[in-house]
Protein chains: 2
Amino acid sequence: MSADIGRIFHALSDNARRSMVEELSNGPLSVSQLAQPFDMTLAAVVQHVNLLESCGLIKTYKQGRVRTCELETTALIAAEKWLQGRKRLWERRLDRLGDVLSED
Amino acid sequence: MSADIGRIFHALSDNARRSMVEELSNGPLSVSQLAQPFDMTLAAVVQHVNLLESCGLIKTYKQGRVRTCELETTALIAAEKWLQGRKRLWERRLDRLGDVLSED
DNA sequence: ACAATAGTCAAGCATTTGCTTTAGTAAAGG
DNA sequence: CCTTTACTAAAGCAAATGCTTGACTATTGT
């Protein structure tokens, strides 16, 4: 569970993979379509796609010879929740601190 | 701006650094205190702290010989916003798709 | 049947990452 | 003053990462 969070953040730390996720948030694309904006081999793009799928950021299905990639929100939500959790703890602490300071 | 997002995600992709952020969300700690739970040299922890600070996840100030680390929410919020943005686009697209399908 | 398209697999390679060790500096405490 | 504490800076190293190339498979179009 919390080990997966690391893999999600790692996936999103790469500029190319983050761009791919951005493209896919506008709708599904084939691997070749996804590869088009990038100055790298199709083989490299496939490796990125595999990594994105393995950590649950995208889902893919193949029909005929074309593999279609589609965004999956579950990993996105998991990462969001982790960030919110840290922020919430921090803010709650500041609130308690404020309470103590405003005592008379 | 969007280049920084990559550095934030990269910082959070490491288990040790993510644990440090988790610890710091409960309140500020000195570098030595922060290092205590980890099976690694202080020098290694300092390197993590430097990286966390350089991408805006934490803030540090030194007084005497002790350097205190404190969580900063700005980077946390930036990452959260990016994730929300992707999720929102994707969900809006699903909504439009639903509208088209429910036409009579 | 033959070629073009779409993707896959494996090996190899330069760079980056996460550490370590060693050698320092500066502030506190006895 | 001398030692301990808290951290820092630099060099080095093994493992991981992001690519490439080359060879290959499976589907589609002519």
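Everything numeric in this text was worked out from a predicted model, so none of it was measured. Chain A is the first sequence line, chain B the second, and so forth, proteins listed ahead of strands; every chain is numbered from 1.
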Any side-chain N or O of A:His10 under 4.0 Å from OP1/OP2 of D:dA16? no
Once salt bridge (charged side-chain N to carboxylate O under 4.0 Å, His left out) is applied, what residue pairs with a partner in residues 35-53 of chain B remain, sequence neighbours excluded? B:Glu53-B:Arg67
Do any pairs count as a ring-ring contact (aromatic ring centres under 6.0 Å, His included) and have a residue in residues 66-87 of chain B, sequence neighbours left out, and if so which ones? B:Phe9-B:Trp82
Salt bridge (charged side-chain N to carboxylate O under 4.0 Å, His left out) pairs, two or more places apart, involving residues 23-33 of chain A: none
Given atom CG of B:Asp14 and atom P of C:dC19, what is their separation to the nearest angstrom? 6 Å
Contacts of type side chain to side chain donor-acceptor pair (under 3.5 Å), residue A:Glu70, not counting sequence neighbours: A:Tyr61
Those residues at least two apart in sequence (or on a different chain) that pass side chain to side chain donor-acceptor pair (under 3.5 Å) with B:Asn26 are none
Whole-Å gap separating C1' (D:dT20) and CG (A:Asp39): 12 Å
Rounded to the Å, how far apart are B:Phe9 CZ and C:dT17 C1'? 19 Å
Atom pair distance, as rounded to whole Å: CG in B:Asn50 and P in C:dG18: 13 Å
Run the side chain to side chain contact (heavy atoms under 4.5 Å, CB included) test against B:Gln33 and tell me which residues pass, sequence neighbours left out. B:Leu29, B:Ser30
Interatomic distance, A:Leu51 atom CG to A:Arg7 atom CZ [nearest 0.5 angstrom]: 7.0 Å
Euclidean distance, atom CZ of residue B:Arg17 to atom P of C:dT17 [Å, nearest integer]: 9 Å
Heteroatom pairs (N/O) under 3.5 angstrom, protein to nucleotides 13-16 of chain C:
none

A:Asn15 CG to D:dC19 P, straight-line distance once rounded to whole Å: 9 Å
Any chance you could measure B:Leu12, atom CG, to A:Leu12, atom CG, to the nearest 0.5 Å? 10.5 Å
Rounded interatomic separation in angstrom, taking NE2 from B:His48 and C1' from D:dT8: 16 Å
Test of understanding: with salt bridge (charged side-chain N to carboxylate O under 4.0 Å, His left out), list the residues that count as partners of B:Arg17, not counting sequence neighbours. none
Numerically ordered, the residues 52-62 of chain A set in heavy-atom contact under 4.0 Å with DNA chain C is A:Lys62
Of all residues at least two apart in sequence or in a different chain, which pass the salt bridge (charged side-chain N to carboxylate O under 4.0 Å, His left out) check with B:Glu80? A:Lys87
B:Met40 CE to C:dT17 P, in whole Å, measures 16 Å
Across all chains, not counting sequence neighbours, the side chain to side chain contact (heavy atoms under 4.5 Å, CB included) partners of A:Arg92 are A:Arg88, A:Leu89, A:Arg96
When every nucleotide of nucleotides 21-30 of chain D is labelled 5' to 3' by its protein contacts under 4.0 Å (heavy atoms), B for base, S for sugar-phosphate only, - for none, what sequence of letters results? B-----BS--
